[in-house]
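Worksheet: the structure to be examined is printed underneath.
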Amino acid sequence: MILNGKSAQQPQIREAVESLRKAGHALTVRVTWEGGDGLWLVEEAVKMGATRVIAGGGDGSINEVGAGIMRLDPARRPALAILPLGSANDFATGLELPMEPYAALELALTGKSRAIDVGMLDDDPFVNVASGGFGAEITTSTPVGLKRLLGGGAYSLMGMLKAWNYQPYEGHLRWPDGETRVPLFMLAIGNGCQAGGGQRLAPSAKLDDGLLELLFVRHFNSIGELKQIIDELENLPEDGEFVRYLRVPWIEFESNGAFPLNLDGEPRRYERFRASLDRDAIALVAPAECELFSRT
């Protein structure tokens with residue numbers, strides 16, 4: 001297990017590790033100290049003979065351990081399992097993993113692994129969702145008090161936009177059957193189904209179907225338009241006035257500036273990128289009845 005250092009001293013985790021070792025499971029624990037440790041600790045685990053690596057942490061820890069696995073030749077890649085310890089746990093929640101440490105760790109050790117696709121934003125892998133636009137700006141550069149207002153009602157959101165002098169990014173998106181140039185309020189590219197602390201941005205997502213979920217929302221200027229956006233987000237039309245929801249194997253994107261994007265919750269900025277899938281790239285441990293799989 002590659003355990004986020006912030007969680008290393010939690011009594012429940014220590015107790016779960018000790019109990020499962022006593023039950024006969026061979027479990028080695030390594031703790032991260034700083035960003036990037038998960039990458040080389042995956043290599044160390046494989047050299048020790050590990051065939052399964054558990055990411056103990058939040059979405060960022062899962063992304064880093066997953067990236068470490070993706071750096072290996074496919075024949076050397078261990079299966080990925082998860083002990084959810086983050087604040088949002090979007091990927092783990094989408095997988096319907098147990099949140100209690102002992103149950104989650106027991107599943108990580110004993111559960112069945114199945115092949116999943118891994119999203120690639122150019123050379124950067126992501127297992128869950130890449131989301132950008134206004135939400136990403138709020139996440140990375142706005143005080144906590146303002147973050148709490150996001151989603152707190154149409155008038156609050158409109159007030160935030162005016163107070164913050166938000167300017168949309170002009171985005172040019174291309175996919176196999178079409179393209180559009182649009183002032184973007186929000187963009188989400190999903191391999192998994194949810195991001196942003198429980199927002200189901202890609203409800204049709206499957207981890208093994210070779211398709212990305214593309215959701216984008218055009219910028220708006222009034223309460224009336226916002227109410228229409230909310231209605232369209234309830235129904236996710238393929239070609240709405242403000243909202244579009246498509247299932248595509250790849251997307252190309254260009255912006256008029258450095259577009260803010262959270263990659264599995266980790267903040268990045270891109271002026272252009274190509275998002276695609278590496279099919280069946282990693283074996284992932286998940287509950288047997290997980291809805292994010294199209295194949296058994």
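Quick caveat: nothing in here was measured; it's all calculated off a predicted structure.
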Residue pair [X] / [Y], side-chain heavy-atom distance below 4.5 Å:
X: Leu233; Y: Leu215; value: yes
X: Val182; Y: Arg244; value: no
X: Leu109; Y: Leu20; value: yes

Expected output: side-chain [X] to main-chain [Y] donor-acceptor under 3.5 Å:
X: Thr180; Y: Leu173; answer: no
X: Glu64; Y: Gly36; answer: yes
X: Asn191; Y: Val127; answer: yes
X: Asp37; Y: Val31; answer: no
X: Arg77; Y: Met70; answer: yes
X: Arg52; Y: Ala108; answer: yes
X: Asn235; Y: Pro237; answer: no
X: Asp264; Y: Asn128; answer: yes
X: Glu232; Y: Glu241; answer: yes
X: Arg21; Y: Leu27; answer: yes

How many angstroms lie between atom [atom1] of [X] and atom [atom2] of [Y], to the nearest 0.5 angstrom?
X: Leu83; Y: Ile2; atom1: CG; atom2: CD1; result: 12.5 Å
X: Glu271; Y: Tyr169; atom1: CD; atom2: OH; result: 10.5 Å
X: Asn89; Y: Met99; atom1: CG; atom2: CE; result: 5.0 Å
X: Cys290; Y: Leu97; atom1: SG; atom2: CG; result: 7.5 Å
X: His172; Y: Glu179; atom1: NE2; atom2: CD; result: 4.0 Å

Within a 6.0 Å radius of atom CD on Gln10, are there more than 12 heavy atoms belonging to other residues, nucleotides or ligands? yes
Does [X] come within less than 4.0 Å of [Y], counting only side-chain N to carboxylate O?
X: Arg295; Y: Asp280; value: yes
X: Arg272; Y: Glu252; value: no
X: Asp208; Y: Arg114; value: no
X: Glu43; Y: Arg76; value: yes

How far apart are the closest heavy atoms of [X] and [Y], and which atoms are they?
X: Met120; Y: Phe126; value: N-CE2, 3.7 Å
X: Asn63; Y: Pro125; value: ND2-O, 3.1 Å
X: Pro287; Y: Leu95; value: CD-O, 3.4 Å
X: Thr32; Y: Gly38; value: CG2-N, 4.2 Å
X: Pro168; Y: Leu184; value: CB-O, 3.5 Å
X: Ala103; Y: Pro98; value: CB-CB, 3.7 Å

Report the residue from Ile69, Leu72, Leu41 that forms a side chain to side chain contact (heavy atoms under 4.5 Å, CB included) with Val46. Leu72
Return yes if a side-chain donor-acceptor contact under 3.5 Å exists between Glu213 and Tyr245, otherwise no.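 Yes, Tyr245 and Glu213 have a side-chain donor paired with an acceptor closer than 3.5 Å.
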Ignoring hydrogens and geometry beyond distance, is a side-chain donor-acceptor pair present between Ser294 and Asp209 at under 3.5 Å? no
Path from Leu263 to Phe216 over hydrophobic side-chain contacts below 4.5 Å: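 Cluster IDs for Leu263 and Phe216 match.
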Between Ile82 and Ile54, is there a shared hydrophobic cluster once you connect ILVMFWY residues whose side-chain heavy atoms come closer than 4.5 Å? no
Can the ring centres of Phe253 and Phe259 be said to be less than 6.0 Å apart?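 Ring centres of Phe259 and Phe253 closer than 6.0 Å.
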Does the pair Leu212 and Asp117 meet the rule for a side chain to side chain contact (heavy atoms under 4.5 Å, CB included), with working shown? CA-CA 10 Å; Leu212 291 165; Asp117 307 328; over 6 Å; no
